[in-house]
Amino acid sequence: MNFFNKEDVLNAFHYRASTRSYDGSKKIPADDFNYILELGRLSPSSVGSEPWQFIVLQNPELRQAIKPYCWGIPTMETSSHIVVILAKKNARYDTEFMIESMRRRQVTEEQLPAVIEKYRTFQESDSKVLESERSLFDWCSKQTYLALANMMTGAALIGVDSCPIEGFDYDKVNEILSEAGLFDPAEWGISVMCTFGYRNKEIRKKLRKSFDEVVKFVE
């Protein structure tokens with residue numbers, strides 16, 4: 001198996017920057033974008049829950065419909081691809097959604113009761129994500145950011161730019177896209193969006209805290 005060397009990966013991280021101005025004439029080839037989506041699909045998630053769906057929003061009318069509620073971001077028009085990442089609203093330990101994720105990971109019917117109880121303890125006592133519907137949704141949303149990061153990093157490795165988007169009216173965009181039949185709002189909600197494409201101008205070098213400011217070794 002061939003792997004990227006460290007220098008290649010670090011160069012990609014230095015190159016990657018939130019891109020707010022794309023060359024609208026350039027489109028990402030289908031096989032390249034399927035590779036980016038596959039990185040999202042293969043991403044890790046807490047207890048293997050995979051509480052996400054990826055909507056590739058290419059419809060120009062829907063892009064225009066949500067644009068006024070996305071701070072008027074021009075990349076709604078010029079980006080090659082927009083991915084709307086949904087998070088599951090109810091991923092309680094005892095739902096069919098979670099039980100199916102257990103079966104997918106080859107938990108047997110005999111093992112199921114013990115695994116369900118283990119996840120109950122995790123959600124109820126350890127992480128306390130069952131305190132409200134919102135806390136459970138936020139837990140699922142946290143998992144989607146793992147997929148988001150992998151897609152953005154993998155895109156940078158092949159020279160594709162990206163920008164995560166949280167600056168939008170969640171209620172209105174959820175309403176528009178769910179009413180368009182893209183998802184059931186009782187089951188799913190938007191966690192985050194991301195644009196992909198090719199930058200049309202230089203982006204200033206990123207500024208980050210130093211290594212010593214953010215890393216602490218405990219021997």
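Not one N or O on the side chain of E187 forms a donor-acceptor pair closer than 3.5 Å with the backbone of F183. Side-chain atoms of S80 come within 3.5 Å of backbone N or O of I28 as a donor-acceptor pair. Using modelled atom types, one side-chain atom of S132 and one backbone atom of S135 make a donor-acceptor pair closer than 3.5 Å. Looking at K201, its side chain never comes within 3.5 Å of a backbone N or O of S21 through a donor-acceptor pair.
For the atom pair CZ of R103 and CD of Q111, the computed distance is 12.5 Å after rounding to the nearest 0.5 Å. Here CG of N174 is found 11.0 Å from CG of L182. Values are rounded to the nearest 0.5 Å. A distance of 5.0 Å separates CG of L130 from CD of Q123, quoted to the nearest 0.5 Å. For the atom pair CG (D171) and CD1 (I176), the distance works out to 11.0 Å, reported to the nearest 0.5 Å. How far CG of L148 is from CE of M193: 12.0 Å, rounded to the nearest 0.5 Å. Residue T144 holds its OG1 atom at 12.0 Å from CD of Q53, rounded to the nearest 0.5 Å.
Here the side chains of T78 and D23 are not in contact, with every heavy-atom distance at 4.5 Å or above. Within the 4.5 Å cutoff, side-chain heavy atoms of F168 are placed close to those of I190. Considering only heavy atoms from C-beta on, M152 comes within 4.5 Å of R16 through its side chain. Under the 4.5 Å side-chain criterion, counting only non-hydrogen atoms from C-beta, I99 is in contact with L112. Side-chain contact between I203 and T19: present, with at least one pair of heavy atoms (C-beta onward) separated by less than 4.5 Å. Residues K142 and D138 fail the side-chain proximity criterion, which asks for heavy atoms closer than 4.5 Å. No side-chain heavy atom of D94 sits less than 4.5 Å from a side-chain heavy atom of R120. Counting heavy atoms from C-beta on, the side chains of L57 and I66 come closer than 4.5 Å.
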Begin with the C-alpha distance, continue with both residues' side-chain angles, and end with the deciding distance and a verdict on side-chain contact (heavy atoms from CB on, under 4.5 Å) for I82 and V56. CA-CA 6 Å; I82 299 174; V56 184; over 6 Å; no
What verdict does the side-chain contact (heavy atoms from CB on, under 4.5 Å) test give for W52 and L86, after you've listed the backbone C-alpha separation in whole Å, the side-chain angles of each residue and the deciding distance to 0.1 Å? CA-CA 5 Å; W52 49 53; L86 305 180; over 6 Å; no
Passes ring-ring contact (aromatic ring centres under 6.0 Å, His included), Y93 versus F122? Steps please. CA-CA 9 Å; Y93 63 91; F122 165 68; over 10 Å; no
Determine whether M98 and R92 satisfy the following criterion, side-chain contact (heavy atoms from CB on, under 4.5 Å), listing intermediate values before the conclusion. CA-CA 7 Å; M98 288 296 286; R92 267 178 59 106; 5.8 Å; no
Test side-chain contact (heavy atoms from CB on, under 4.5 Å) on F97 and N90 and set out the steps. CA-CA 8 Å; F97 178 85; N90 182 9; over 6 Å; no
Report the C-alpha separation of S210 and D212 in whole Å, then their side-chain angles, then the decisive distance to 0.1 Å, and conclude whether the side chain to side chain donor-acceptor pair (under 3.5 Å) test is met. CA-CA 5 Å; S210 70; D212 290 338; 5.5 Å; no
With salt bridge (charged side-chain N to carboxylate O under 4.0 Å, His left out) as the test, would you mind laying out the steps for K128 and E131 before giving the verdict? CA-CA 6 Å; K128 295 181 173 59; E131 291 182 341; 5.9 Å; no
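The environment of CD in E7 is sparse: at most 12 heavy-atom neighbours from other residues, nucleotides or ligands sit within 6.0 Å. More than 12 heavy-atom neighbours from other residues, nucleotides or ligands sit within 6.0 angstrom of CD on Q64. Heavy atoms of other residues, nucleotides or ligands lying less than 6.0 angstrom from NZ of K206 number more than 12. More than 12 heavy atoms of other residues, nucleotides or ligands shown are found within 6.0 angstrom of CD on E213.
Under a hydrophobic-cluster definition in which Ile, Leu, Val, Met, Phe, Trp and Tyr are linked whenever side-chain heavy atoms come within less than 4.5 Å, directly or via other members, L146 and V47 are assigned to different clusters. Grouping the Ile, Leu, Val, Met, Phe, Trp and Tyr side chains by contacts below 4.5 angstrom, directly or via other members, places I158 apart from L10. Residue F137 is not grouped with residue Y170 when hydrophobic side chains (ILVMFWY) are merged at heavy-atom distances under 4.5 angstrom, including chains of intermediate members. Y22 is not connected to F33 by any chain of hydrophobic side-chain contacts under 4.5 Å among Ile, Leu, Val, Met, Phe, Trp and Tyr, and they are in different clusters.
Closest of all the heavy-atom pairs between M76 and C70 is SD-SG, 4.2 Å. Shown here for E166 and V192, the closest heavy-atom pair between the two residues is CG-CG2, 4.0 Å. What you find for M102 and V115 is that their closest heavy atoms are SD-CG1, 3.7 Å. Across all non-hydrogen atoms, the minimal contact from S141 to S191 is CB-OG, 3.5 Å.
For the 3.5 Å distance criterion, the side chains of N11 and D8 fail to qualify, holding no donor opposite an acceptor.
Here V214 is tied into one hydrophobic group with F211, V215, F217, each link being a pair of ILVMFWY side chains closer than 4.5 Å.
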Donor-acceptor pairs under 3.5 Å, side chain of residues 35-45 to any protein atom, not counting sequence neighbours: which ones?
| unit_1 | atom_1 | unit_2 | atom_2 | d |
| --- | --- | --- | --- | --- |
| Y35 | OH | G154 | O | 2.8 |
| E38 | OE1 | R41 | NE | 2.8 |
| E38 | OE2 | R41 | NE | 3.4 |
| E38 | OE2 | R41 | NH2 | 2.6 |
| S43 | OG | L39 | O | 2.7 |
| S43 | OG | G40 | O | 3.2 |
| S43 | OG | N150 | ND2 | 2.9 |
| S45 | OG | S49 | N | 3.2 |
| S45 | OG | E50 | N | 2.8 |

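With sequence neighbours excluded, no residue forms a side chain to side chain contact (heavy atoms under 4.5 Å, CB included) with P74.
Geometrically, K88 engages W188 in a cation-pi contact defined by less than 6.0 Å to the ring centre and at most 45° from the axis. For R199 and Y15, the positive end sits near the middle of the six-membered ring, less than 6.0 Å away and at most 45° from its axis.
A salt bridge does not link R63 with E77: none of the charged nitrogens is closer than 4.0 Å to a carboxylate oxygen.
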